[in-house]
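Below is one structure, written out as structure tokens, with a few remarks after it.
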Amino acid sequence: MAENLNLFTSTQEVIHEALNKLGYDEAMYELLKEPLRMLTVRIPVKMDDGTTKVFTGYRAQHNDAVGPTKGGVRFHPMVSEEEVKALSMWMTLKCGIVDLPYGGGKGGVICDPREMSMGEIERLSRGYVRAISQVVGPTKDIPAPDVFTNAQIMAWMMDEYSRMDEFNSPGFITGKPIVLGGSQGRDRATAEGVTIVIEEAAKKRNIDIKGARVVIQGFGNAGSFLAKFMSDLGAKVIGISDAHGALHDPNGLDIDYLLDRRDSFGTVTTLFENTISNKELLELDCDILVPAAIENQITADNAHQIKANIVVEAANGPTTAEATKILTERGILLVPDVLASAGGVTVSYFEWVQNNMGYYWTEEEVREKLYSKMIAAFENVYTTAQNRNINMRLAAYMVGVRRTAEASRFRGWV
Ligand SMILES: NC(=O)C1=CN([C@@H]2O[C@H](COP(=O)(O)OP(=O)(O)OC[C@H]3O[C@@H](n4cnc5c(N)ncnc54)[C@H](O)[C@@H]3O)[C@@H](O)[C@H]2O)C=CC1
Ligand SMILES: O=C(O)CCC(=O)C(=O)O
């Protein structure tokens, strides 16, 4: 039978299992099996050559029983309605795991910003915000960066929103430049959270980070900061990749050099002749493997070839359900996306809190607060997995979904 690569239906299955284990009935699953709201928008954009191109975008709001919905916006050619729905459900789980007063949301636009000018990207960003303006806002749904979106795009989106709203609303969006109300540390937060989780997972497996061989797929916001943090901790980053290929050096790559040469879309391998494929990269002999790019990278096809002792998912959805089973059976410790990559939304929450207060924290304060959230989340999920003898993904779903289910029940929705 062909493997299920559909992110939405495979997420539904794990949510179902988690709710069953928590003792909820079918009505709760019916409520949480898809977003409460899904908006599809068409965005006309004047292109530089004088033509008008109409883009399709989405905003999904999974559940707002706990609080406003929260989640990034992705600009990518492979964006689809089902992907955005799944991503919004994962955001509910992440916010539950790190205990933030939010439900999950997510947005995306089908486009390839790598082939657009800055002016075209700005007009698309502003058009997207106008199109979704009725359903978002600082107390309703708060966007943030994700794949191929960044602080500049957040700034344009905030500017467009403040033109429609009567007062300046920095809390409408997070991941902004610092001068526009961004938080210290948001740019590196996802990788910092992944680093904390790697350190904890390594302790469980008696692996010393100093000298550990690390492979990272993806060299964008998550992957590149992570490579830097790992190499600063004394690990040997022996492989990295981007959409075009991968670099491998068993003695360790020069991360500072690669960071210096990468472009704003996280591309660096095109500058080198001796590259390997992303498939080869994932199968390298290493201690810690971190998929930090896109979905469905570790599947039933290659799960038996993964040689790492620990796999930590910095990307959303890089490992299929079937591959999760295979890795678990093989004794590989798999730290799931909804836990490992929760550092980004955690510091986004800190940014929103600071915007609401109008009072800003130092980088050190942000780092300490992130550290305590991530450590508590890791321990909670790890202990749940151990106590119930289940894999870390199912444990994370149980921890993550519980608060939204409880809040929905107290509100009398189910
Ligand atoms: N930026 C953030 O704060 C957060 C990001 N994530 C997840 O981390 C992953 C990466 O996101 P970012 O680093 O923000 O994106 P990014 O846009 O900064 O970088 C993406 C990287 O993935 C590479 N890539 C794209 N397509 C690829 C392919 N087919 N094969 C191999 N590599 C490919 C790109 O070349 C680039 O190096 C995504 O799954 C995202 O949802 C999760 C939580 C927060
Ligand atoms: O920073 C945020 O609010 C959301 C980040 C995000 O989209 C994610 O964790 O996948």
Side-chain angles (χ1 to χ4, degrees), residues 7 60 68-79 83-84 86-95 97-98 100 102-108 112-114 141-151 153-154 171-176 182-183 185-194 216-227 240-247 258-259 262-270 275 277-279 281-282 290-297 312-319 336-352:
L7 305 167
T69 46
K70 180 94 187 80
V73 180
R74 180 174 287 205
F75 281 2
H76 196 274
M78 300 305 288
V79 163
E83 181 194 55
V84 174
L87 285 160
S88 74
M89 289 154 86
W90 295 335
M91 288 311 303
T92 293
L93 299 167
K94 277 187 208 189
C95 294
I97 289 168
V98 277
L100 310 180
Y102 294 136
K106 197 85 180 197
D112 195 341
R114 291 166 296 188
D141 181 12
I142 305 130
D146 191 66
V147 176
F148 294 162
T149 55
N150 55 26
I153 291 175
M154 299 305 109
F172 150 73
I173 204 161
T174 60
K176 301 176 293 290
S183 176
R186 173 60 185 90
D187 53 356
R188 61 192 56 208
T190 304
E192 222 152 55
V194 177
I216 301 169
Q217 183 190 37
F219 208 58
N221 173 276
S224 68
F225 274 115
L226 179 67
I240 62 105
S241 80
D242 58 30
H244 305 272
L247 302 174
L258 295 175
L259 286 174
R262 73 173 203 124
D263 72 12
S264 63
F265 293 106
T267 305
V268 71
T269 65
T270 44
T275 57
S277 67
N278 265 284
K279 182 178 180 310
L281 174 100
L282 294 171
V290 186
I294 54 162
E295 296 103 357
N296 287 336
Q297 295 302 292
V312 178
E313 297 180 330
N316 282 302
T319 314
D337 46 8
V338 287
L339 165 62
S341 71
V345 69
T346 302
V347 177
S348 272
Y349 164 62
F350 297 159
E351 180 171 329
W352 179 77

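All values reported here derive from a predicted model rather than from experimental measurement. Start at 1 and go down the list; that is how both ligands and their atoms are numbered.
Note that the CH2 atom of Trp352 and the NZ atom of Lys176 stand 11.5 Å from one another [nearest 0.5 Å].
Ring pair Phe148/His76 is parallel by interplanar angle, where below 30° counts as parallel and above 60° as perpendicular.
Atom numbering of ligand 2 starts at 1 in the shown order; those under 4.0 Å from a heavy atom of Ala144 are 1 (O), 2 (C), 3 (O), 4 (C). Of all atoms in ligand 2, numbered sequentially from 1 with element shown, those under 4.0 Å from a heavy atom of Ser348 are 1 (O), 2 (C), 3 (O). Remark: ligand 2 atoms within the under-4.0 Å shell around heavy atoms of Gly344 are 1 (O).
The backbone N or O of Thr174 sits nowhere less than 3.5 Å from a side-chain atom of Arg186 that would complete a donor-acceptor pair. Of the possible polar contacts, none joining the Asn150 side chain to the Pro145 backbone as a donor-acceptor pair under 3.5 Å is found. Listed for the Glu351 side chain is a donor-acceptor partner under 3.5 Å among the backbone atoms of Gly175. Using modelled atom types, one side-chain atom of Lys70 and one backbone atom of Pro143 make a donor-acceptor pair closer than 3.5 Å.
Contacts of Asn316 with ligand 2, taken as heavy-atom pairs under 4.0 Å, involve the side chain alone.
The residues lining ligand 1, counting any heavy atom closer than 4.0 Å, are Arg74, Lys94, Asp146, Val147, Phe148, Arg186, Thr190, Gln217, Gly218, Phe219, Gly220, Asn221, Ala222, Asp242, Ala243, Phe265, Gly266, Asn278, Ala292, Ala293, Ile294, Ala314, Ala315, Asn316, Ser341.
The shortest distance between side-chain heavy atoms of Thr275 and Leu247 falls below 4.5 Å. Side-chain atoms of Phe219 and Thr267, non-hydrogen and from C-beta on, never get closer than 4.5 Å to each other.
By the 3.5 Å distance cut-off applied to N or O atoms, Met91 is not counted among the residues near ligand 2.
Between Arg262 and Asp242 there is no salt bridge, since none of the side-chain N atoms of the basic residue sits less than 4.0 Å from a carboxylate O of the acidic one.
Of the protein's non-hydrogen atoms, the one nearest atom 10 (O) of ligand 2 is Lys106 NZ, 2.8 Å. In terms of protein heavy-atom proximity, atom 9 (O) of ligand 2 is closest to Lys94 NZ, 2.7 Å. Shortest contact from atom 4 (C) of ligand 2 to any protein heavy atom: Gly72 N, 3.6 Å. The protein non-hydrogen atom at the shortest distance from atom 3 (O) of ligand 2 is Lys70 NZ, 2.7 Å.
Comparing Arg186, Arg74, Met154 by heavy-atom distance to atom 5 (C) of ligand 2, the nearest is Arg186.
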Requested in this report: Kindly determine whether Arg74 and Thr149 satisfy side-chain hydrogen bond (donor to acceptor under 3.5 Å, both in side chains), including the steps that lead there.
Outcome: CA-CA 6 Å; Arg74 180 174 287 205; Thr149 55; over 6 Å; no
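At least one heavy atom of Gly71 sits closer than 4.0 Å to an atom of ligand 2.
Considering only residues two or more places apart in sequence or on other chains, Asn278 meets the side chain to side chain donor-acceptor pair (under 3.5 Å) condition with Gln217, Ser241.
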